[in-house]
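Some notes on the structure that comes next.
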Amino acid sequence: MGQQKAGFYERVDQALHDDFLRKALVDAQEKLREGKKTQSELLENWEDWRKRGEEIRRHTIENLDSYLEQFAKNAEKQGANVFFAKTKEEAVEYITRLAIEKEAKSVIKSKSMVSEEIHLNQALEAIGIEAIESDLGEYIIQLAKETPSHIIVPAIHKNKEQVAELFSKVAGEEIPDDPQILASFARKVLREKFLQADIGLSGANFAVAESGSIVLVSNEGNARLSTTVPKVHVVTMGMERIVPDWESLDTLISLLPRSATGQKITTYLTGITGPKRKADVDGPEEMHIIILDNGRSQILGTEYQNILHCIRCGACLNHCPVYRHIGGHAYGSVYSGPIGSVLTPLLEGLDDWKELPFACSLCGACSETCPVGIPLDDYLVKLRRDVVDSGNASWLEKKAFQTFGWVTGNPSIYQFGINLADTALKPFAEGDIIKKAPSVLGKWTKGKDLPKPPNQSFREWWEKKGEKQDGE
Ligand code: SF4
């Protein structure tokens with residue numbers, strides 16, 4: 001999962017100063033949240049569904065080894081090739097080798113977060129193979145040379161004018177910023193690419209162990225074209241995508257679109273079991289399923305195991321006040337929002353991602369909305385502990401908390417410190433508010449107002465009150 005060149009605070013700062021981005025995020029978040037609320041209320045017993053979803057995910061992850069084995073055996077029985085990739089390099093190596101063997105010139109892709117995680121497009125382009133995103137949002141951000149800023153709405157930060165500008169460059173002429181015209185332009189361009197592609201690549205929302213099938217949910221139909229038109233179909237999936245059987249899938253499929261986009265069900269729900277059979281008229285001649293570990297097995301058996309329950313619905317992003325302000329790119333990782341702040345450091349290590357657990361107000365909205373009950377806010381607190389334990393906290397921060405502990409353990413020094421801070425801060429007040437505090441406090445007042453210290457502290461007020469009562 002690649003980190004963007006600018007540092008975390010720089011990216012956050014850029015996002016906070018991007019008025020368009022902030023408005024787009026608020027609008028999208030509200031729409032998606034409202035949709036989820038309506039759909040979950042319509043079910044009437046949402047909490048029961050949620051509990052059932054959590055039970056299924058817990059049972060599956062606790063028995064992941066046997067379900068993976070069952071899935072692989074059944075998928076192979078149906079004619080698919082299954083490859084377990086320990087690392088992203090192994091996954092990339094398998095796919096690029098296959099593409100070379102097939103003398104592929106282009107790969108058409110439907111949405112796959114795992115392919116983003118392993119940086120597949122760059123690897124294919126490096127060996128001269130064109131990788132084309134066919135999901136409309138992914139196609140837009142590919143043209144903009146960006147990464148997804150939301151798990152399910154990758155181009156959440158782009159408006160129609162920006163999309164028209166990108167499409168006009170492809171067309172070599174001006175394309176109007178009418179959504180209908182833009183969609184039909186993308187359809188026309190992509191239809192040609194589907195027909196020319198040598199390999200179709202998809203992710204897998206779920207993989208059903210009892211039949212060796214993969215299941216895709218989509219709204220655009222591009223997943224069906226990517227997986228049926230080219231002669232070779234490659235699937236990239238995280239090892240935790242498994243569900244035991246179709247009955248379990250039924251529950252999870254009821255939770256996923258409702259939580260993600262506020263839909264009862266997506267326009268297309270596709271199950272694929274093996275490549276084309278003799279009697280089939282259409283379909284790929286070969287199917288390759290790459291099951292990626294890339295750090296996931298290290299999470300098994302730890303206190304963070306339940307993060308593998310995630311069904312990538314994006315609801316935690318849609319309810320997060322931090323994501324609402326900074327958007328996905330500020331996180332710098334493929335997975336953003338609360339799920340990204342937990343998953344990325346667990347997969348990639350805290351050294352490169354130590355800021356992410358702190359990109360959180362600990363309001364708990366993510367855990368409350370998660371359809372499979374992942375305690376995200378609890379994990380974020382634990383990861384903060386791990387940042388300190390692993391020596392990743394800054395020297396200044398460590399000293400600040402040591403001093404804070406010492407001061408609060410000595411009442412007279414504490415009182416002296418409070419009086420000193422009051423006196424030192426008062427000159428910076430404008431009316432009752434300090435808008436620009438000095439030194440490290442300046443970071444706080446950059447984003448928030450600090451109230452001016454009161455003329456009388458609570459302690460003084462309390463003591464005076466006591467004196468008054470004694471005198472009465
Ligand atoms: S952590 Fe929960 S809410 Fe967030 S994407 Fe995963 S399943 Fe959805």
Side-chain angles (χ1 to χ4, degrees), residues 1 25 28-29 32-37 39-40 46-47 49-61 111-114 116-117 148-154 156 203-207 215 217 237-243 248-249 251-263 266 296 299 303-324 327-328 331 333-347 356-357 359-383:
M1 287 187 278
L25 288 169
Q29 249 197 355
L32 292 165
R33 265 167 29 177
E34 200 46 45
K36 178 183 182 255
K37 187 169 171 280
Q39 286 304 330
S40 48
W46 176 251
E47 284 308 313
W49 281 89
R50 212 175 154 218
K51 210 160 158 253
R52 178 78 188 117
E54 188 183 344
E55 278 164 12
I56 292 168
R57 291 305 287 150
R58 173 166 293 115
H59 167 79
T60 312
I61 299 300
K111 198 167 177 306
S112 156
M113 289 306 285
V114 163
E116 297 280 348
E117 186 181 326
S149 66
H150 191 287
I151 297 177
I152 50 156
V153 197
I156 198 170
N205 292 94
F206 297 104
V215 175
V217 294
M237 57 175 264
M239 63 190 275
E240 76 285 15
R241 299 288 95 216
I242 297 283
V243 289
S248 313
L249 181 85
T251 304
L252 297 172
I253 281 295
S254 299
L255 291 167
L256 177 61
R258 283 182 169 89
S259 302
T261 46
Q263 290 171 286
T266 45
R296 287 159 173 82
I299 303 173
E303 60 187 324
Y304 298 110
Q305 177 165 302
N306 292 2
I307 200 66
L308 298 173
H309 294 183
C310 177
I311 55 170
R312 305 283 190 272
C313 70
C316 54
L317 281 69
N318 302 338
H319 287 73
C320 175
V322 175
Y323 181 88
R324 187 183 181 92
Y331 291 81
S333 59
V334 169
Y335 303 105
S336 57
I339 176 65
S341 293
V342 176
L343 190 62
T344 309
L346 290 175
L347 293 182
L356 291 191
C360 169
S361 65
L362 297 183
C363 67
C366 49
S367 309
E368 207 175 298
T369 197
C370 177
V372 285
I374 301 174
L376 291 153
D377 59 327
D378 184 39
Y379 283 173
L380 286 161
V381 172
K382 288 188 166 127
L383 281 167

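We count ligands from 1, going down the list as the structure has it; atoms in each ligand are counted the same way. We count residues from 1, following the sequence as given.
Looking only at atom types and distance, the side chain of Glu117 has a donor-acceptor partner in the side chain of Tyr335 under 3.5 Å away.
Close approach to Leu376 involves these atoms of ligand 1, each under 4.0 Å from a residue heavy atom: 1 (S).
The closest donor-acceptor contact from the side chain of Lys36 to the backbone of Thr369 lies under 3.5 Å.
The pair Lys51-Glu47 does not count as a salt bridge, with every side-chain nitrogen at least 4.0 angstrom from each carboxylate oxygen.
Atom 8 (Fe) of ligand 1 has Cys313 SG as protein N, O or S atoms under 2.8 Å away.
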Test His150 against Asn318 for side-chain contact (heavy atoms from CB on, under 4.5 Å), laying out the working first.
CA-CA 9 Å; His150 191 287; Asn318 302 338; 2.7 Å; yes

List the steps, then state whether side-chain contact (heavy atoms from CB on, under 4.5 Å) holds for Leu256 with Phe206.
CA-CA 11 Å; Leu256 177 61; Phe206 297 104; 3.8 Å; yes

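Counting all heavy atoms, side chain and backbone alike, Arg52 lies closest to Thr251 at CG-CG2, 3.6 Å.
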